[in-house]
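One structure is given here, and the rest of the page talks about it.
Every value quoted in this text rests on a predicted model; they were computed, and no experiment measured them.
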Amino acid sequence: ISKLQGPAYGTVWLEEPAPIYEKANAGLPYEVFEMALARCGRQAGSIPNLQITQNPADEEHWTTELIDAPYEFMIAEDGTIITKQTYQIAKGENKHLTPIQRAMNQAAFKNDPAKWARYVEGAIAAVGKGVNVVANYGEHFHFAQTILPVYPGLPAVRMWDGYHHPTCIIAQYNPHGQLAVHDCIAHPGFGVKELIGDKYLPLMQTPKYRDKISSWRDIGDPSMRTPDQSTVRVTAAKTIETLLNTRFEPGPTRWPNRVEPLNHALSKTIASGKPLIILSASAYPLHKALKGGWYYKKDNNGNRIGNEAVKNDSSHFGDAFGYGVAILHPYSVRAEYAKNKERADRATRMKRAASYGPATPGIYAPYGANVRILQ
């Protein structure tokens, strides 16, 4: 930024402000764009121009927001208009890339969906900052791309996360047997009471929900039952129960008991082959969390660091969903391992018993053996 101080520039060119690899202090921050915009119009007799060239960034980078900005980028108080134009080079249009260079790009990024999107397809992508908490989430398999209908007369479930970033996920089992997630709301910096009054109740008065849900089930962070510091008579869970006339169910406390059921449920399908869990387009914050926004830290070699996810805006949606799914679809890797081991041991015993040969009348046959009567 200090290089922009002093000279009277007519044009400033920012090349590749989006980082190729997501590490701390990589790429150019938005402040560079702001200062460049302020300094590129200081040369007399020239048309001010700020130019940015880059490969597509991830969906959270400031250049992506800039692409979505309107053509009339700003209208000043005196009516002066600053315009913005975007040029997209489609896949295959860069005549300076040889076939071998394209093939090498594809070979390099074949195992990295985000970099494949950016450097092979030329598209904006969600770039993971770490190791995804839920590896079984399929961006195109579990996300509906359309707003799913709320079915009248069917019960629904609310999933909660608390503290000073209260979050509520609204879901419902549809007639197909899928757990359909309809909406996700949050109220950063406030409490559960404000979330319900400011966000949840107005949402329930929209045509989408009004008079449609027959009953509710509420599941959430077990720490929401902890009394408030000001009085032991007030808890976040009690507030939910009082304001919504419901009963609060605490989710599991231990991290594996929340993540394992969620990952397992995401791997399940219903009879028609459709996913057990489906997200409506209106549940985009949860979609963003599950496809990589909810993540573990990783080192420079891509290895996971720590046993719990990084706390950020997405983690609250992931946590709330984990509490709910763990109660609705309980699952334990250890319990599944023990069950599979018992099944394998039983098969081994039966196979061993069968190897003893056919039994004759009046002679004891081991349990599970194939018994034949010789005439």
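In this structure, Ile67 and Gln88 have side chains that are not in contact, with every pair of non-hydrogen atoms separated by 4.5 Å or more. Annotation: side chain of Tyr9 is in contact with side chain of Leu4 (closest heavy-atom distance under 4.5 Å). Counting heavy atoms from C-beta outward, Arg247 and Glu241 have side chains that approach closer than 4.5 Å. Side-chain contact between Thr86 and Tyr71 is absent, with no heavy atoms from C-beta onward closer than 4.5 Å. Side-chain atoms of Pro330 and Pro261, non-hydrogen and from C-beta on, never get closer than 4.5 Å to each other. Looking only at side-chain heavy atoms (C-beta outward), Glu249 and Arg217 come within less than 4.5 Å of each other. Side-chain contact between Asp313 and His165: present, with at least one pair of heavy atoms (C-beta onward) separated by less than 4.5 Å.
Side-chain polar atoms of Glu139 and Tyr137 form no donor-acceptor pair below 3.5 angstrom. With hydrogens and angles left out, the side-chain atoms of Thr80 and Asp78 include a donor and acceptor closer than 3.5 Å.
For the atom pair CG of Leu328 and CE of Met159, the computed distance is 5.0 Å after rounding to the nearest 0.5 Å. Atom CZ of residue Phe109 and atom CD of residue Gln106 lie 11.0 Å apart, to the nearest 0.5 angstrom. Atom-to-atom distance recorded for Thr246:OG1 and Ile219:CD1 is 10.0 Å, nearest 0.5 angstrom. If you take CG on Leu286 and CZ on Phe321, they are separated by 5.5 Å, rounding to the nearest 0.5 Å.
When the salt bridge (Lys or Arg N to Asp or Glu O under 4.0 Å) test is applied to Asp112, the partners found at least two apart in sequence or on another chain are Lys115. Residues forming a side chain to side chain donor-acceptor pair (under 3.5 Å) with Ser315 (at least two apart in sequence, or on another chain): none. Judged as a side chain to side chain donor-acceptor pair (under 3.5 Å), and not counting sequence neighbours, the contacts of Tyr323 are Asp221, Arg258. Taking the salt bridge (Lys or Arg N to Asp or Glu O under 4.0 Å) definition, one finds that Lys199 meets it with nothing, sequence neighbours left out. Lys95 is linked by a salt bridge (Lys or Arg N to Asp or Glu O under 4.0 Å) to nothing, counting only residues two or more places apart in sequence or in another chain. The side chain to side chain contact (heavy atoms under 4.5 Å, CB included) check on Pro285 picks up Cys184, Phe317, with sequence neighbours excluded. Annotation: side chain to side chain donor-acceptor pair (under 3.5 Å) contacts of Ser215 (sequence neighbours excluded): none.
Sorted pairs that involve residues 28-52 and meet side chain to side chain donor-acceptor pair (under 3.5 Å), not counting sequence neighbours, are lacking altogether. Residue pairs meeting the salt bridge (charged side-chain N to carboxylate O under 4.0 Å, His left out) criterion with at least one member in residues 164-174: none, sequence neighbours excluded.
Surrounding OH of Tyr163 are at most 12 heavy atoms belonging to other residues, nucleotides or ligands under 6.0 Å away. Around CD of Glu15, the count of heavy atoms belonging to other residues, nucleotides or ligands within 6.0 Å exceeds 12. When the shell of 6.0 Å around CG of Asn303 is examined, it contains more than 12 heavy atoms from other residues, nucleotides or ligands. Enclosure of atom NZ in Lys212 by more than 12 non-hydrogen atoms of other residues, nucleotides or ligands within 6.0 angstrom is indicated. Within 6.0 Å of CD1 in Ile47 there are 12 or fewer heavy atoms belonging to other residues, nucleotides or ligands. More than 12 non-hydrogen atoms from other residues, nucleotides or ligands lie less than 6.0 angstrom from NZ of Lys84. Shown here is Trp13, whose CH2 atom has no more than 12 heavy atoms of other residues, nucleotides or ligands within 6.0 Å.
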What side-chain donor-acceptor pairs closer than 3.5 Å can you find for residues 268-280, not counting sequence neighbours?
unit_1	atom_1	unit_2	atom_2	d
Ser280	OG	Leu148	N	3.0
Ser280	OG	Ser282	N	3.3
Ser280	OG	Ser282	OG	3.0

Is there a side chain to side chain donor-acceptor pair (under 3.5 Å) between Glu72 and Thr83 once you walk through the steps? CA-CA 5 Å; Glu72 294 184 348; Thr83 61; over 6 Å; no

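When all heavy atoms are compared, the tightest approach of Ala326 to Pro252 is CB-CG, 3.6 Å. The shortest non-hydrogen separation linking Asn263 to Val133 is ND2-O, 3.2 Å. Minimum heavy-atom separation, Ile305 to Asp299: CD1-N, 3.5 Å. Taking each heavy atom of His61 and Pro17 in turn, the nearest pair found is NE2-O, 3.5 Å. Nearest heavy atom pair, residue Leu290 against residue Val134, reads O-CG2, 3.4 Å. Nearest heavy-atom pair, Arg118 versus Pro56, reported as atom, atom and distance to 0.1 Å: NE-O, 2.6 Å.
Between the Asp319 side chain and the Lys311 main chain, no donor and acceptor come within less than 3.5 Å of each other. A donor-acceptor pair under 3.5 Å links the side-chain atoms of His142 to the main chain of Gly138, judged by distance alone.
The other members of the hydrophobic cluster of Met104, by chain and number, are Ile100 (side-chain heavy atoms under 4.5 Å, ILVMFWY only). Side-chain contacts under 4.5 Å among hydrophobic residues (ILVMFWY), followed directly or transitively, place Ile196 together with Val150, Trp160, Ile170, Ile185, Val192, Leu195, Tyr200, Leu201, Leu203, Met204, Tyr209, Ile213, Trp216, Met224, Ile240, Leu243, Leu244, Phe248.
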